[in-house]
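Everything below concerns the one structure shown next.
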Amino acid sequence: MTQSALIQGGAGGLGRALVNRILQSNQFDQVFVTARDIQRIDSTDSRVIPVALDLLSDQSIGEASVVVASHSDKLHLVVTTAGILQDDSLGLKPEKKLSDLTRSNLERVFSVNCFGPFLWYAALGRLIRHREPITVATLSARVASIGDNRLGGWHSYRASKTAQNMLTKNLSLELSRTNPQATVVGLHPGTVDTDLSKPFQSGVSPNKLFTAEQSAGYLWDVLNGLTAERTGQVIAWDGQTITP
Ligand SMILES: NC(=O)c1ccc[n+]([C@@H]2O[C@H](COP(=O)([O-])OP(=O)(O)OC[C@H]3O[C@@H](n4cnc5c(N)ncnc54)[C@H](OP(=O)(O)O)[C@@H]3O)[C@@H](O)[C@H]2O)c1
């Protein structure tokens, strides 16, 4: 039985490290790797199938799902890494206070972090709706936890990931009705040295800042140890469940 994995965002900091970790495991015959610009996917491994995907475009989502379906009829591991916190080209920064909110920044952050991943899963359709074991993991963040929020701020990023977590829970319930072997989770990677966190690393002690490879190793161990009882949860790099 062919085992297929799909990593969205495989040219990003964590995405790239996750692709390498997944290839090293030798558990998959095919590894679909998406990026907005597929020239940035640097793996030359013959199992890698590059797929162009921009989660802000319904057309791109539709076309990418057709490409995946032309190679495979079932996916067994789906990891989605898309995330934005800041974008200098758009003047987008994490908000410190309510008056920093703008509709355009809220829409952008929600579109990439929350709408995009779940419109992507909807487009994947039968590729994720089957009766074989499947794990669907979306990169979330500890700051999305309402119970753990003691600092406030970062309104659009936090709220987009909290909404993402709700969609994770909903998808977990939906898939479990027809597939008891489906596991749908959010993952918190820790604080990881990537482009996304670079502007915010000054207050992070060096032993709490992971390399992308370190975090991908931890996340791979979490994914490997998952059982369907944990479906719907958001799980941190160390295997702990994060309070919603
Ligand atoms: N780094 C941390 O400390 C940290 C902490 C908690 C959670 N996270 C989460 O971990 C995930 C990965 O982040 P990272 O640290 O690896 O940051 P990164 O290197 O900046 O990667 C961000 C990823 O998002 C993708 N992306 C952005 N806009 C997109 C769009 N319109 N369509 C498709 N993909 C898009 C990028 O794809 P392209 O390559 O195509 O640009 C890239 O793969 C994010 O969801 C982030 O929120 C990170």
Side-chain angles (χ1 to χ4, degrees), residues 5-22 31-42 49-65 67-68 75 77-90 92 94 104-124 127-128 135-144 154 156-168 170-171 184-200 212 215-216 219 223 234-235 237:
L6 184 157
I7 316 305
Q8 184 282 331
L14 267 163
R16 195 177 292 251
L18 279 164
V19 168
N20 290 334
R21 189 64 197 80
I22 286 164
V31 180
F32 297 95
V33 179
T34 85
R36 286 178 290 180
D37 173 4
I38 55 168
Q39 305 301 327
R40 293 185 56 238
I41 298 170
D42 61 4
I49 303 172
V51 180
L53 173 62
D54 182 348
L55 290 177
L56 291 175
S57 159
D58 289 346
Q59 185 180 335
S60 173
I61 288 175
E63 287 171 359
S65 65
V67 173
V68 178
L75 296 167
L77 173 67
V78 177
V79 181
T80 300
T81 70
I84 53 166
L85 172 58
Q86 172 156 337
D87 187 333
D88 292 336
S89 70
L90 299 170
L92 190 159
S104 63
N105 287 353
L106 274 163
E107 282 176 353
R108 182 76 175 203
V109 174
F110 269 76
S111 287
V112 174
N113 295 358
C114 175
F115 307 159
F118 284 85
L119 290 168
W120 175 227
Y121 298 151
L124 291 175
L127 287 159
I128 63 169
T135 298
V136 179
T138 313
L139 268 289
S140 183
R142 190 182 295 280
V143 296
W154 291 23
S156 47
Y157 184 78
R158 280 183 191 274
S160 66
K161 294 281 187 180
T162 309
Q164 182 209 93
N165 293 346
M166 179 59 89
L167 291 175
T168 291
N170 275 2
L171 181 62
V184 183
V185 293
L187 293 177
H188 168 60
T191 305
V192 189
D193 184 14
T194 63
D195 289 348
L196 181 138
S197 68
K198 280 239 154 49
F200 311 99
S215 174
L219 294 178
L223 287 169
V234 179
I235 302 171
W237 59 274

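The figures here come from the full heavy-atom set of this structure, side chains too, leaving out hydrogens, waters and symmetry mates. Residues take their numbers from the sequence shown, with the count starting at 1.
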(request) Kindly determine whether Tyr121 and Val184 satisfy side chain to side chain contact (heavy atoms under 4.5 Å, CB included), including the steps that lead there. (result) CA-CA 11 Å; Tyr121 298 151; Val184 183; over 6 Å; no
(message) What verdict does the side chain to side chain contact (heavy atoms under 4.5 Å, CB included) test give for Gln59 and Asp54, after you've listed the backbone C-alpha separation in whole Å, the side-chain angles of each residue and the deciding distance to 0.1 Å?
(response) CA-CA 9 Å; Gln59 185 180 335; Asp54 182 348; over 6 Å; no
(request) Would you check, one step at a time, whether the test side chain to side chain contact (heavy atoms under 4.5 Å, CB included) holds for Leu196 with Tyr157? (result) CA-CA 12 Å; Leu196 181 138; Tyr157 184 78; 4.3 Å; yes
(request) Report the C-alpha separation of Asn170 and Phe118 in whole Å, then their side-chain angles, then the decisive distance to 0.1 Å, and conclude whether the side chain to side chain contact (heavy atoms under 4.5 Å, CB included) test is met. (result) CA-CA 11 Å; Asn170 275 2; Phe118 284 85; over 6 Å; no
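A distance-only check finds no donor-acceptor pair linking the side chain of Ser65 to the backbone of Leu124 [under 3.5 Å]. Counting only distance, with no hydrogens or angles, the side chain of Arg16 and the backbone of Arg40 share a donor-acceptor pair below 3.5 Å. Between the side chain of Arg158 and the main chain of Val143, a donor-acceptor pair closer than 3.5 Å is present. With hydrogens and angles ignored, the 3.5 Å screen pairs a side-chain donor or acceptor of Thr34 with a backbone N or O of Gly9.
Pro189 approaches Ser215 most closely through the heavy-atom pair O-OG, 2.9 Å. Smallest separation of non-hydrogen atoms from Leu14 and Ala216: CD2-N, 4.3 Å. Annotation for Leu187 and Ala137: closest pair CD1-CB, 3.8 Å, computed over non-hydrogen atoms. Contact record, Trp120 with Ile61: CZ3-O, 3.7 Å, taken as the closest heavy-atom pair. Contact between Gln8 and Thr80 at its shortest, heavy atoms only, is OE1-CG2, 3.5 Å. For the residue pair Trp237 and Leu219, the shortest heavy atom distance occurs at CA-CD2, 4.0 Å.
Contact of the Asp193 side chain with the Lys198 side chain is registered, since non-hydrogen atoms from C-beta on lie closer than 4.5 Å. Two residues are said to be in side-chain contact when any heavy atoms from C-beta on lie closer than 4.5 Å; Leu139 and Val79 meet this criterion. Pro50 places none of its side-chain heavy atoms less than 4.5 Å from the side chain of Val33. Counting heavy atoms from C-beta outward, Asp58 and Leu119 have side chains that approach closer than 4.5 Å.
Rounded to the nearest 0.5 Å, atoms CG (Asn105) and CG (Leu90) are 7.5 Å apart. How far OG1 of Thr138 is from CD of Gln164: 5.5 Å, rounded to the nearest 0.5 Å. Taken to the nearest 0.5 Å, the NZ atom of Lys161 stands 9.5 Å off from the CG atom of Leu85. Taking CG of Leu92 as the reference point, atom CD of Gln86 lies at 7.5 Å (rounded to 0.5 Å). To the nearest 0.5 angstrom, Ile128 atom CD1 is 5.5 Å from Leu171 atom CG. Note: Arg36 CZ to Ser60 OG = 10.0 Å, rounded to the nearest 0.5 Å.
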Solution key, residues 109-117 side-chain donor-acceptor pairs under 3.5 Å, sequence neighbours excluded:
from: Ser111; atom 1: OG; to: Glu107; atom 2: O; distance (Å): 2.8
from: Asn113; atom 1: OD1; to: Ile84; atom 2: N; distance (Å): 2.8
from: Asn113; atom 1: ND2; to: Ile84; atom 2: O; distance (Å): 3.1
from: Asn113; atom 1: ND2; to: Ser160; atom 2: OG; distance (Å): 3.1

